[in-house]
Amino acid sequence: MKRYLLILLFVIISSPVIAKNVTDSLLAPQRFSKYILANSEIGYITFFDGIGNLDPLWFEAKLVPNYLIKTKNSRMGAVLTPKIILRMFKEKSDPVLTPSYMPQVTVYSQLNEVSETSPKVTYLFVRFSHHSNGQDGDFFNENGSINTYDGSFSTNFIELGFFVSKLFSYQVNANDFFRTSLEFHPKYLQDEVLNDLYGNIRWHNDFRIFKFSKEAFTFLFSRNETGDNHLNKNKIRPRFRANINTTIIFGEMKHADTFDFSKRFSGSITLSYNPEFLEDIRFFIQYYFGSDYYNIHFENTLSEFRIGLMADPFGV
């Protein structure tokens with residue numbers, strides 16, 4: 001009898017540990033997917049063209065479905081993304097002119113394990129991407145200007161970088177992250193006319209936080225393992241979120257000096273809000289400054305304030 005009582009006592013004492021280990025094991029693949037989603041681009045649609053120097057639009061939309069390929073218990077995975085950016089112009093017949101087609105595959109390698117006591121994760125990633133506008137016309141018009149109506153634009157690039165993501169709380173579905181990467185466009189893998197115009201090296205930095213404060217900016221890199229004091233555990237996800245993005249362009253750019261800020265720097269600040277009555281949608285406001293990212297329009301410098309809706313899959 002004493003032996004059975006001792007066994008029962010051992011089971012009662014150890015059951016929380018066993019349950020935790022089982023839960024961790026079951027949730028690990030889900031957390032892997034959510035961390036990858038946290039690093040992935042977010043789809044959106046804008047209301048009209050906003051306030052700035054964009055041509056009049058009905059909307060701009062970015063479609064970025066992500067298909068994760070990963071074997072069980074693996075610390076590596078690949079994401080296939082048939083990315084498309086399109087603009088519907090306020091012109092006769094409301095055309096969707098020369099969308100950006102950007103199919104890409106991204107391979108991730110997880111460098112450390114994630115647990116309740118260590119919710120910070122670091123990934124290395126490499127991305128292979130194509131960017132074109134589906135047109136085959138001459139790049140230049142007769143007057144020497146760029147043919148943005150049906151001029152051909154095509155380039156391919158490799159992007160290499162890493163990102164650090166950290167849970168505010170092990171139980172709460174919310175990730176801060178910092179990502180940095182270098183994007184390289186080999187000259188032999190793009191239209192020859194782009195070689196001295198486009199700038200073939202780009203340095204990207206992305207930072208996502210849930211409020212503007214010293215603690216928010218340092219939390220991601222701090223030794224504190226969880227940020228429960230910054231977030232109400234009763235919330236499934238934080239209502240407010242901020243994203244800061246910067247890009248610096250290096251390489252040959254025929255019409256831009258080495259330190260031409262307006263041509264070589266791009267940046268955006270995006271503030272978004274998730275209303276309680278919406279599950280996977282956020283309202284956002286954004287200011288963007290820099291080179292136009294819409295394929296052959298790259299020589300235009302935008303200064304644009306806009307609003308719209310963005311996807312919020314799994315609350316990441």
Side-chain angles (χ1 to χ4, degrees), residues 40-67 80-104 129-157 183 185 189-195 197-199 202 245 247 249 253-256 262-263 266-268 270 272 281-311:
S40 301
E41 291 186 75
I42 298 174
Y44 64 77
I45 183 168
T46 66
F47 303 140
F48 307 109
D49 49 286
I51 301 172
N53 58 346
L54 259 178
D55 292 331
L57 301 176
W58 287 112
F59 66 84
E60 177 182 299
K62 180 165 69 173
L63 311 176
V64 281
N66 295 291
Y67 301 93
L80 304 180
T81 308
K83 175 182 174 181
I84 300 175
I85 303 176
L86 53 88
R87 292 173 179 171
M88 177 176 277
F89 291 85
K90 286 184 179 179
E91 298 177 5
K92 185 179 179 179
S93 81
D94 300 321
V96 177
L97 292 176
T98 61
S100 280
Y101 302 101
M102 304 180 70
Q104 53 194 234
S129 183
H130 171 77
H131 186 186
S132 66
N133 63 352
Q135 304 298 310
D136 61 1
D138 293 335
F139 187 86
F140 292 107
N141 295 310
E142 291 183 359
N143 64 2
S145 62
I146 294 178
N147 176 14
T148 58
Y149 183 76
D150 64 355
S152 174
F153 173 93
S154 179
T155 184
N156 297 277
F157 62 87
E183 177 184 311
H185 296 247
L189 291 180
Q190 65 182 9
D191 288 343
E192 185 176 355
V193 70
L194 296 177
N195 287 345
L197 291 175
Y198 195 58
R202 293 157 189 250
N245 310 91
T247 295
I249 304 174
M253 296 179 70
K254 191 174 183 179
H255 301 134
S262 65
K263 295 294 185 182
S266 298
S268 68
T270 306
S272 62
I281 296 293
R282 304 181 76 92
F283 292 98
F284 76 89
I285 58 174
Q286 180 187 76
Y287 176 72
Y288 175 84
F289 173 85
S291 175
D292 195 341
Y293 45 84
Y294 199 57
N295 53 74
I296 203 168
H297 298 258
F298 64 90
E299 286 218 327
N300 297 333
T301 298
L302 299 181
S303 178
E304 189 73 19
F305 175 85
R306 57 191 180 176
I307 61 176
L309 300 174
M310 64 170 54

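Values reported hereafter were calculated over all heavy atoms of this structure, with side chains retained and with hydrogens, waters and symmetry mates removed. Treat the numbers as computed from the prediction; the structure is a model and nothing was measured.
- Counting only heavy atoms from C-beta outward, the side chains of His297 and Thr98 approach each other to under 4.5 Å.
- Distance OH/Tyr294 to CG/Asn300: 12.5 Å, rounded to 0.5 Å.
- You'll find the side chain of Met310 reaches within 4.5 Å of the side chain of Thr270, heavy atoms only.
- For Ser100 and Asn295, the side-chain atoms include at least one donor-acceptor pair closer than 3.5 Å.
- In this structure, Ser266 and Gly290 approach most closely via the heavy-atom pair OG-CA, 3.5 Å.
- Remark: Ser93 engages no residue in a side chain to side chain donor-acceptor pair (under 3.5 Å) (not counting sequence neighbours).
- Sorted by first then second residue, the salt bridge (charged side-chain N to carboxylate O under 4.0 Å, His left out) pairs that include residues 144-153, not counting sequence neighbours, number zero.
- Contacts of His185 classified as ring pair (Phe, Tyr, Trp, His ring centres under 6.0 Å), with partners at least two apart in sequence or in another chain: Phe157, Tyr198.
- Nearest heavy atom pair, residue Ile296 against residue Ser152, reads CD1-O, 4.0 Å.
- With sequence neighbours excluded, the residues satisfying side chain to side chain donor-acceptor pair (under 3.5 Å) with Asn141 are Ser145.
- Residues satisfying the side chain to side chain contact (heavy atoms under 4.5 Å, CB included) criterion with Glu299, sequence neighbours excluded, are Ile146, Leu197, His255.
- Applying the side chain to side chain contact (heavy atoms under 4.5 Å, CB included) test to Phe305 and every residue at least two apart in sequence or in another chain returns Ile51, Ile285, Tyr287, Ile307.
- Residues meeting the side chain to side chain contact (heavy atoms under 4.5 Å, CB included) test with Ser154, sequence neighbours left out: His130, Ser132, Asp191.
- For the residue pair Thr81/Asn66, the side-chain donor-acceptor check at 3.5 Å is satisfied.
- Taking both residues in full, the closest heavy atoms of Ile42 and Val64 are given as C-CG2, 3.7 Å, listed atom of the first, atom of the second, then distance.
- Heavy atoms of other residues, nucleotides or ligands lying less than 6.0 angstrom from CG of Asp94 number more than 12.
- Rounding to the nearest 0.5 Å gives a distance of 7.5 Å between CD of Gln286 and CG of Asn245.
- Heavy-atom minimum distance, Leu63 versus Pro65: C-CD, 3.5 Å.
- Residues Trp58 and Phe48 meet the side-chain proximity criterion, which asks for heavy atoms closer than 4.5 Å.
- The structure places CG of Leu54 at 8.5 Å from OG1 of Thr46, a figure rounded to the nearest 0.5 Å.
- The CD atom of Glu91 lies 9.0 Å from the CG atom of Leu57; values are rounded to the nearest 0.5 Å.
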* In sequence, state the C-alpha distance, the side-chain angles, and the governing distance for Phe153 and His131, and then conclude on ring-ring contact (aromatic ring centres under 6.0 Å, His included). => CA-CA 8 Å; Phe153 173 93; His131 186 186; 5.0 Å; yes
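- For Tyr149, the OH atom counts as loosely surrounded, since its 6.0 Å shell holds 12 or fewer non-hydrogen atoms of other residues, nucleotides or ligands.
- With sequence neighbours excluded, the residues that form a salt bridge (charged side-chain N to carboxylate O under 4.0 Å, His left out) with Arg87 are Glu60, Asp292.
- Considering only heavy atoms from C-beta on, Tyr101 stays 4.5 Å or farther from Asn133 through its side chain.
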* Take Asn53 and Leu302, measure what side-chain contact (heavy atoms from CB on, under 4.5 Å) needs, and give me the verdict at the end. => CA-CA 6 Å; Asn53 58 346; Leu302 299 181; 3.8 Å; yes
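- Applying the side chain to side chain contact (heavy atoms under 4.5 Å, CB included) rule to Lys92 yields no partners; only residues at least two apart in sequence or on another chain are considered.
- Annotation: salt bridge (charged side-chain N to carboxylate O under 4.0 Å, His left out) contacts of Glu41 (sequence neighbours excluded): Lys62, Lys83.
- Phe289 meets the ring pair (Phe, Tyr, Trp, His ring centres under 6.0 Å) test with Phe261; sequence neighbours excluded.
- Residues forming a ring pair (Phe, Tyr, Trp, His ring centres under 6.0 Å) with Tyr293 (at least two apart in sequence, or on another chain): Tyr288.
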